[in-house]
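FYI, the numbering just counts along the sequence from 1. All values below were derived from every heavy atom in this structure, side-chain atoms included, with hydrogens, water molecules and symmetry-related copies excluded.
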Amino acid sequence: MKTALLGPQQRGEALARMAEQELDVLVVGGGVVGAGTALDAATRGLLTGVVEARDWASGTSSRSSKLIHGGLRYLEMLDFALVREALKERGLLTQRLAPHLVKPVPFLYPLTHPGWERLYAGSGVALYDIMGLSSGHSRGLPGHRHLTRRKALRVAPCLRKDALVGALQYYDAQMDDARYVATLVRTAASYGALAANRARVVGFLREGERVVGARVQDVEQGGEYEVLARQVVNATGVWTDETQALVGERGQFHVRASKGIHLVVPRDRIHSTTGLILRTEKSVLFVIPWGRHWIVGTTDTDWDLDKAHPAASSADIDYLLEHVNSVLAVPLSRDDVQGVYAGLRPLLAGESEATSQLSREHIVAHPVPGLVVVAGGKYTTYRVMAKDAVDAAVHGLDRRVAQCCTDEVPLAGADGYHALWNARARIAAEAGLHVARIEHLLNRYGSLITELLDLIAADPTLGEPLAAADDYLRAEVVYAASHEGARHLDDVLTRRTRISIETFDRGTLSAREVAELVAPVLGWDQEHLEKEVTHYEKRVEAERESQRQPDDLTADAARLGAPDIVPL
């Protein structure tokens, strides 16, 4: 099956087709749950559309800890059902659905009390492994092991000797969250879903009590479309309440935003061959391997300010540095921080005791005929959330619909990945690239690597790395605009690549080169190119300024100093 493109032409065609015919399902929201819902509906044979007001994964789904995990700490809360469900999904993703995108990652848990803590924590990790095995999809993830202090310091020399008496090591998995969502959308489009980003729902269409579609504004080209749909799914995450308000109905539950921030530091600043998981007074702190970097996170604080651009304050950064430095032999400083990003978790906050305790559980509701709402949950269980949302939507259709089959549908790039990985040396020789470059491409695009190699064959200069961000090839930038739906410079530097958090300049030194590469694909003239570069530079400066502010209120005000390239 040929993989669909998400280029400018396909976006325009998708909007036009949505307006020409009645859809079975219209999904509002282009995060992981919305994209997953579109894939679920399309693979059941339903005529499906999905729209996103900004860029794919521009909200929570590009700002997570980038982990696919069962949630070890939920075992301590005795939430066995959530852990079991998440571990089953972890196994599916690593083994069947997206082995090119979801990879095993080791974590070391330092023990600080002799005797009882090893028994207590070891029992929890052993149960975690057993529950993972029961899912039937745990091959490829090694089991946990107990380490003495000497062995722990051998795998993690970065730790202070007095910070542990021993350790446990276990495995979870990780992915590039924004890349995963873009791949989900492309997969959905390959099965017939109509997908358009920068397409904002500004109202719902009603016939009496029933919702029969939505008014969709083309934020890029202008104009407004009436999109008719038998069922509409609200999958807008932390914007759930705002989207519901467009219907004019009081919600059965509310979504509260909780802010989590992460720091990105160079790999050589923390000498370790394994990730770390540390207890804090409130939760846990992760130090996660991320290519040539580490991700340190996260925080968990209420947020009721701007949801589009949650800001990390100086206090947030100090909190993470203080906690990670409590165990590091060589502490990190502000100068070690390459990137900072903040995201919002959509936590359920109902009006009753029962729903207020749902936390990371998800909920699906049918508040009015024709409208389904899905909210809460966690990234790892997006597929289950999508299944439940489509199941609810199917009840409103007047025909028999197939059962969910997404547990059997590999994402674009998964088929043939292992065979290509085995042939990576030959592919490198044929393409004239170093084998490390081929490995990088395979772990970002899987078997879709052939599309990038075709671009390089047509224009060998695209096989060269970006001058100021040499982890990425120039071809990846062109591909982001031609195949992956990137519409703006920010989309490329922040989500299709991670240059905005992986370089000390936050992508400003790459901005012009990247803009010049995507300009022909996106039809930019010189004036528009300059506008994109200037906007990106202002965005980075606003983010830096916000991170110098003492609290959320001042950080939010500073971040809002740089308006969006396309105001909503």
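Smallest separation of non-hydrogen atoms from Val255 and Ala375: CG2-CB, 3.8 Å. Across all non-hydrogen atoms, the minimal contact from Met175 to Trp290 is O-CZ3, 3.6 Å. The shortest heavy-atom contact between Ser500 and Thr494 is OG-CA, 3.5 Å. Closest approach of Ser64 and Tyr379 over heavy atoms only: OG-CD1, 4.5 Å. Closest heavy-atom contact between Asp40 and Cys404: OD2-SG, 3.0 Å. Taking both residues in full, the closest heavy atoms of Ala214 and Leu26 are given as CB-CD2, 3.8 Å, listed atom of the first, atom of the second, then distance.
With respect to the salt-bridge test (charged N to carboxylate O, under 4.0 angstrom), the residues Arg399 and Asp24 qualify. Between Asp391 and Arg44 a salt bridge is recorded (basic side-chain N to carboxylate O distance below 4.0 Å). A salt bridge links Asp490 and Arg495; the closest N-O separation between the charged side-chain nitrogens and carboxylate oxygens is under 4.0 Å. A salt bridge does not link Arg559 with Asp306: every distance from a Lys NZ or Arg NE/NH1/NH2 to an Asp or Glu carboxylate oxygen is 4.0 Å or more. Salt-bridge annotation for Glu530 and Arg512: present, with a side-chain N of the basic residue lying under 4.0 Å from a carboxylate O of the acidic one. Between Arg548 and Glu545 there is a salt bridge, since a side-chain N of the basic residue sits under 4.0 Å from a carboxylate O of the acidic one.
With hydrogens and angles ignored, the 3.5 Å screen pairs no side-chain donor or acceptor of His293 with any backbone N or O of Thr503. Side chain of Ser61 to main chain of Val32: a donor-acceptor pair is present (N/O by atom type, distance under 3.5 Å, no hydrogens or angles).
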Practice prompt. Output, in order, the C-alpha distance, side-chain angles, deciding distance and verdict of salt bridge (Lys or Arg N to Asp or Glu O under 4.0 Å) for Lys103 and Asp176.
Written response: CA-CA 10 Å; Lys103 305 292 182 180; Asp176 182 332; over 6 Å; no
Discussion item. Pair Asp459, Leu455 - check side chain to side chain contact (heavy atoms under 4.5 Å, CB included), show working.
Written reply: CA-CA 6 Å; Asp459 180 357; Leu455 290 176; over 6 Å; no
Discussion item. Apply side chain to side chain contact (heavy atoms under 4.5 Å, CB included) to residues Leu473 and Leu441 and explain how you reach the verdict.
Written reply: CA-CA 9 Å; Leu473 298 180; Leu441 294 176; 4.1 Å; yes
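Rounding to the nearest 0.5 Å places CD of Gln403 at 11.5 Å from OG1 of Thr43.
Ring orientation note: the planes of His488 and His528 are close to parallel, at an angle under 30° on the 30°/60° scale. Using cut-offs of 30° and 60° on the angle between ring planes, the pair Tyr180 and Tyr382 is perpendicular.
In this structure the side chain of Pro346 reaches within 4.5 angstrom of the side chain of Thr60, judged on heavy atoms. Using a 4.5 Å heavy-atom threshold, the side chains of Leu46 and Leu397 count as touching. Inter-residue side-chain proximity for Asp218 and Arg11 is flagged as met; some heavy-atom pair is nearer than 4.5 Å. Residues Tyr341 and Glu543 have side chains not in contact (no heavy-atom distance under 4.5 Å, counting atoms from C-beta outward). Using a 4.5 Å heavy-atom cutoff, the side chains of Arg474 and Leu466 are in contact. Residues Glu502 and Arg292 fail the side-chain proximity criterion, which asks for heavy atoms closer than 4.5 Å. Glu532 places a side-chain heavy atom less than 4.5 Å from the side chain of Trp524. Between Pro8 and Arg487 there is a side-chain heavy-atom pair separated by less than 4.5 Å.
Between Asp316 and Thr299, the side chains place no donor N or O within less than 3.5 Å of an acceptor N or O (distance only, hydrogens not considered). Of the N and O atoms on the side chains of Thr406 and Arg383, at least one donor lies less than 3.5 Å from an acceptor on the other residue.
Each of Leu433, Thr450, Ile438 was checked for a side chain to side chain contact (heavy atoms under 4.5 Å, CB included) with Ile427, and the lone residue meeting it is Ile438. Between Asp491 and the options Arg198, Arg496, Arg539, a salt bridge (Lys or Arg N to Asp or Glu O under 4.0 Å) holds for only Arg198. The only option from Glu484, Glu451, Glu476, His100 that meets the side chain to side chain donor-acceptor pair (under 3.5 Å) definition with Tyr445 turns out to be Glu476. The residue from Thr298, Asp552, Asp302 that alone fulfils the side chain to side chain donor-acceptor pair (under 3.5 Å) condition with Lys259 is Asp552.
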